[in-house]
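Given the structure is predicted, the values throughout are model-derived calculations rather than measurements. Computed over heavy atoms, backbone and side chain alike; hydrogens, waters and symmetry mates excluded. In what follows, chains are A, B, ... by sequence order, proteins preceding strands, each numbered from 1.
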Amino acid sequence: MTENMKPITDRGYKLLHNGAIALSQVEANGMRIDIDYLNRAIKNTEGRINKLSTRMQNDEVFKTWKKLFGTKTNMSSREQLGKVLFSELGYDCPSHTKTGKPQVNETALNSIDLRFVKDYVQIERLKKTRSTYLQGILRETTVNEFIHPVFNLHFVKTFRGSSDSPNFQNIPIRNPVIAKLVRRAFIARLNYRIVETDYSGVEIAGATCYHKDPKMIAYIENEKKDLHRDMAGQIYKLSKKQITKEIRYCGKNMFVFPQFYGDYYLHCAKNLWDAISQMKLKTTDGIKLFDHLKTKGIVKLGRCDPEQKPKEGTFEYHLKEIEDDFWNKRFKRYGKWRKDWWYEYLKKGYFDTLTGFRIEGVYKRNEVINYPVQGTAFHWLLWSLIRIQKILNKYKMKSLIVGQIHDSIVADVHKKEFKNYIEITQQVMTVDIRKHWKWINVPLKIETEASPVHGSWYEKEKVV
DNA sequence: TACTTCGGCGCC
DNA sequence: AAAGGGCGCCGAAGTA
């Protein structure tokens, strides 16, 4: 256990006890791996890396690099690349690390328009894929072609779980090309299909059990209401009809979630503003967002200097107003909870989760607000996993739980048990759990995705 | 050679 | 008043 966490109720203790037993079975089950595919994929990736590498070595920038570092030249050294770009070639260094060195991450590199730099970013992405994933999974695959990832319950200070050897919880999914390259290696057993069941919006629901804000409850209960869309509309001054999927995405991932995690308007304003050009945002009627905002009187982001008050009429000023409105009007009760929860912690020196644990020690405000929510959300998943596995065992079903990713359960489901498995997860994760924890004050929803029989994890598709 | 720290990046 | 929460794994560079 981490030093500052302990169960303070019988239920809390039992959850971890039964959770450890359940996860040990998950580990023993393991997931089937296509070794032949992995070997092919490694070779292919190798080829792509070599091709890019050759092109880079013929580039003018590389000559400068070699002049600077001679025999010490290492094309995968970010530090060296930083010196080449920011000291030698005179490009602007947008930011520095906490130890004062130039930051050479993807954001910084994307600001430089050179083929050499684009090739570098691409090659690093492929190397990450090769080493951490393709080779990393192959290394952990046993002679009978299974991996058995470890699922820990006692390392994470928020009461979440973690996974290692290999880490089952960070397999690529957002970049579709990389996702396919890696996930194709995870395959279903013969006559089985891979089924992944996610709790949707679980942290928002978890938080609602603490703050009990009636407006948030309404958002969750009413299928027609959509917080991310509403915020996107307020941010970019749009009507519901004008909001595209991309614009909603920005509202969700650059305002709503960051705000819940304790971010503030300056950071949000900058991201939301940059997204307009980077994602080429347009309304559903094809109007560029910059043009649209101009008609509403906003033409500038503002200086985004934390030391200075934002000027009226700027986008940052607008975001400051939205943030105020968000916490003091729209979700007034939630905003009050955050203050009360923090001051209560300052008085007592600890805080308790609804699932029966105490977290003691020195924490920052954002940690005190986030830990109970993150932990509670994971405990819902863990409780469900234990219950589902018990049912699978009790009825001697062939289907097996093979992994857990914080708010989702991955199983290898026998083709004849598919419908049954869906019913079990639905019952346990949305109905039974609310009988176990009476303080859950919002409906819980799940989403299921499944691969074809004999398919790979990459091929999963929504089950309706 | 073995170990640690840092920065980076994959995921929720 | 402060100003994004949580992981694990990799390679580079420094140290012993």
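Here A:Thr129 lies out of heavy-atom contact (under 4.0 Å) with every strand. Among the protein residues, A:Phe257 comes within range of no part of the nucleic acid, since none of its heavy atoms lies under 4.0 Å from any strand. Within the nucleic acid shown, A:Gln80 comes within 4.0 Å of sugar-phosphate atoms alone, with no base atom in reach, counting heavy atoms only. When heavy atoms are screened at a 4.0 angstrom cut-off, A:Arg130 is found touching no nucleic acid atom at all. In this structure, A:Lys127 reaches neither bases nor backbone, as no heavy-atom distance under 4.0 Å exists between it and the strands shown. Within the nucleic acid shown, A:Val104 comes within 4.0 Å of sugar-phosphate atoms alone, with no base atom in reach, counting heavy atoms only.
Between A:Gln103 and the phosphate of B:dG7, there is no side-chain N or O to OP1/OP2 separation shorter than 4.0 Å. The phosphate of C:dG5 has neither OP1 nor OP2 within less than 4.0 Å of any side-chain N or O from A:Thr158. Checking the phosphate oxygens (OP1, OP2) of C:dG8, a side-chain nitrogen or oxygen of A:Ser162 falls inside 4.0 Å.
Taking atom CD on A:Glu316 and atom P on C:dA3, their separation rounds to 18 Å, with Å as the unit. As rounded to whole Å, 11 Å separates atom P of B:dG8 from atom CD of A:Glu124. The NZ atom of A:Lys320 sits 13 Å away from the C1' atom of C:dA2 (whole-angstrom rounding). Summarising the geometry, the separation between CG on A:Leu109 and P on B:dG7 is reported as 15 Å, rounded to the nearest angstrom. Spacing between atom CD of A:Gln135 and atom C1' of C:dG11 amounts to 13 Å, rounded to whole angstrom units. Remark: P of C:dG6 and CG of A:Asn370 are 8 Å apart, rounded to the nearest angstrom. Atom-to-atom, OH of A:Tyr264 to C1' of C:dG5 comes out at 17 Å; the value is rounded to the nearest Å.
Mapping A:Trp342 and A:Asn366 onto DNA chain C by nearest heavy atom places A:Trp342 closer to the 5' end of the strand.
In this structure, A:Asn29 contributes its side chain and A:Ile401 its backbone to a donor-acceptor pair below 3.5 Å.
Between A:Arg130 and A:Glu46 there is a salt bridge, since at least one side-chain N of the basic residue sits less than 4.0 Å from a carboxylate O of the acidic one. Between A:Asp213 and A:Lys332, none of the side-chain N atoms (NZ, or NE/NH1/NH2) sits under 4.0 Å from a carboxylate O, so this pair counts as no salt bridge. Between A:Asp412 and A:Arg193 there is no salt bridge, since no side-chain nitrogen of the basic residue lies less than 4.0 Å from a carboxylate oxygen of the acidic one. Remark: A:Glu196 engages A:Lys460 in a salt bridge, criterion side-chain N to carboxylate O under 4.0 Å. Taking a cutoff of 4.0 Å between a charged side-chain nitrogen and a carboxylate oxygen, A:Glu106 and A:Arg125 qualify as a salt bridge.
A:Trp337 is linked by a side-chain hydrogen bond (donor to acceptor under 3.5 Å, both in side chains) to nothing, counting only residues two or more places apart in sequence or in another chain.
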Mind listing the N/O atom pairs, protein and nucleotides 10-12 of chain B, below 3.5 Å?
unit_1 : atom_1 : unit_2   : atom_2 : d
B:dG10 : O4'    : A:Tyr133 : OH     : 3.3
B:dG10 : N2     : A:Asn170 : ND2    : 3.1
B:dG10 : N3     : A:Asn170 : ND2    : 2.9
B:dC11 : OP1    : A:Ile173 : N      : 2.6
B:dC11 : OP1    : A:Arg174 : N      : 2.8
B:dC12 : OP2    : A:Arg174 : NH2    : 3.2
B:dC12 : O3'    : A:Asp407 : OD1    : 2.7
B:dC12 : O3'    : A:Asp407 : OD2    : 3.2
B:dC12 : O2     : A:Arg160 : NH1    : 2.8
B:dC12 : O2     : A:Arg160 : NH2    : 2.8

